[in-house]
Amino acid sequence: MPVSPERVRALHKYDLRVLLSLERLMQRYEWVPLDALKASTKLSDSELEYRLQRLIEWDMVRYDAVPYPGYALIFGGYDTIALHTLTKKGAVTALGSLIGVGKESEVYEGLGLGPVVLKFHHVGQQSFQAVRKERGYMPDSGHCPWVFASARSAEQEFTALQQLSPEVSVPLPIERSRHVVVMSQIPGVNLNRCTLEEPRPVLDKILENVRRAYAKGFIHGDLSEYNVMVDDSEVWIIDWPQWIGTDHPNADVILRRDIENVLRFFRRKYRIDYPTEEAVGLVVR
């Protein structure tokens, strides 16, 4: 869970200096040595010790003595830096309640100039190896902490939303800081949580949006009933961090998998038998 807004507001400039220094130094160190942190923050020994202890108690920083004594930024601290930046930019003025949890993210209501949604990308230890293996934007080897993997995931999603909106029905991208994407609030509910009175027009709209995305060079990569939002007969496709380009070596296989996932859902729940080849032909025409 992201740090509370009260903690963000209570953050002292020295706390922020420590967090930002850790973020920068973790590009070089898996665990940042105390001497490197002292040199970066230019705080006295006692001041730095006090700030580190407070940030550890707030679940923003972690200390470990293995393989050597050092400190690391964890998601609580990374959430804090991102929220602080988004608040300064005016993109977020309030953080609301949790509205969704995925394999690699948490989604919250919020306020900016109006109602918004904040998606915190949290690529965890278990999913990190799969992300590195399966997604082209992750490095094959080398040091890549989970917090930075999450930032790359958010960047990937923000890029897709920027390129697809408004031609494709996706959330409107508003701002991004590190691993947090701020986007417009979408009405309705997930496709898997509702019962449609007229399912065929909804299926047609989903396939049309898949076609429009494909025409712009994007394949969702993880499309299913869980990342389609429905409001009456309107649809939006959400969750784009795993998209691939239409020039990807496995583009045909992944596009077909996306389409078959959707068709399988409508076949199972609504007894709509839509041939896969016909749907694929519609998308790539």
S224 side chain reached by F265 side chain, heavy atoms, under 4.5 Å: no
Considering all heavy atoms, the nearest A82-V180 contact: CB-CG2, 3.6 Å
Salt bridge present between K119 and E106 (N-O < 4.0 angstrom): no
Donor-acceptor contact present, side-chain R17 to main-chain T41, <3.5 Å: yes
Flag, side chain of D64 to backbone of V66, donor-acceptor distance under 3.5 Å: yes
Salt bridge present between R256 and E277 (N-O < 4.0 angstrom): yes
CD (E49) with more than 12 external heavy atoms under 6.0 Å: no
Least distance between heavy atoms, A251 atom then G245 atom: CB-O, 3.9 Å
Pair N209-R212, side-chain donor/acceptor within less than 3.5 Å: no
Test item: Q156 side-chain N/O and W243 main-chain N/O as donor-acceptor pair under 3.5 Å: yes
N/O donor-acceptor pair under 3.5 Å between D258 side chain and L255 backbone: no
Heavy-atom side-chain proximity of M229 to V235 below 4.5 angstrom: no
Non-hydrogen side-chain atoms of I56 and Y71 separated by less than 4.5 Å: yes
Student check: side-chain heavy atoms of L48 and V18 closer than 4.5 Å: yes
Considering all heavy atoms, the nearest C194-Y270 contact: O-OH, 3.6 Å
Exam field: side chain T80 to backbone V8, donor-acceptor pair closer than 3.5 Å: no
Centroid-centroid under 6.0 Å between F120 and Y108 rings: yes
Backbone of V123 reached by a side-chain donor or acceptor of H179 within 3.5 Å: no
Note, M183 side chain near E175 side chain (heavy atom, < 4.5 Å): no
Donor-acceptor under 3.5 Å (W31 side chain, P67 main chain): no
Donor-acceptor list for residues 87-95 side chains, cut-off 3.5 Å, not counting sequence neighbours:
from : atom 1 : to   : atom 2 : distance (Å)
T87  : OG1    : L83  : O      : 2.8
T93  : OG1    : L111 : O      : 3.2

Residues E6 and R9 bridged, charged N to O under 4.0 Å: yes
Cluster check V280, Y214: I/L/V/M/F/W/Y, side chain < 4.5 angstrom: yes
Side-chain donor-acceptor contact under 3.5 Å, R24 with S40: yes
Modelled atom types, side-chain donor and acceptor of H121 and E157, under 3.5 Å: yes
Side-chain heavy atoms of P199 within contact of I272, under 4.5 Å: yes
Non-hydrogen atoms of L161 and V181 that approach each other most closely: CD1-CG1, 4.5 Å
Heavy-atom donor-acceptor pair, Y274 side chain to L203 backbone, under 3.5 Å: no
Mutual orientation of the aromatic rings belonging to F148 and Y78 [parallel < 30°, tilted 30-60°, perpendicular > 60°]: perpendicular
CZ (R62) with more than 12 external heavy atoms under 6.0 Å: no
Flag for D79-H122: side-chain donor and acceptor within less than 3.5 Å: yes
E225 with K269: basic N within carboxylate O range, under 4.0 Å: no
Test: E208 and R211 ion pair at under 4.0 Å: yes
K38 vs L34, side chain to side chain contact (heavy atoms under 4.5 Å, CB included): CA-CA, chis, key distance, verdict: CA-CA 6 Å; K38 285 180 185 177; L34 185 59; 3.8 Å; yes
Linked, directly or transitively: Y50 and L16 (ILVMFWY side chains, under 4.5 Å): no
Side-chain touch L37/L22, heavy atoms, less than 4.5 angstrom: yes
Over all atoms of both residues, closest heavy-atom pair of Q163 and K216: O-CE, 2.7 Å
Side chain proximity check, V202 to V228, heavy atoms < 4.5 angstrom: no
Backbone of W236 reached by a side-chain donor or acceptor of S169 within 3.5 Å: no
Rounded distance [0.5 Å steps], NZ in K42 versus CD in E47: 15.5 Å
Side-chain (Q162) to main-chain (P173) donor-acceptor, under 3.5 angstrom: no
Worked verdict on V182 versus R176 for side chain to side chain contact (heavy atoms under 4.5 Å, CB included): CA-CA 6 Å; V182 183; R176 179 183 75 89; over 6 Å; no
Heavy atoms from other residues, nucleotides or ligands near CZ of R193 exceed 12 (cutoff 6.0 Å): no
V168 to A213 - nearest heavy-atom pair and separation: CG2-N, 3.6 Å
Atom pair CG (N227) and CG (N261), whose distance is rounded to the nearest 0.5 Å: 9.0 Å
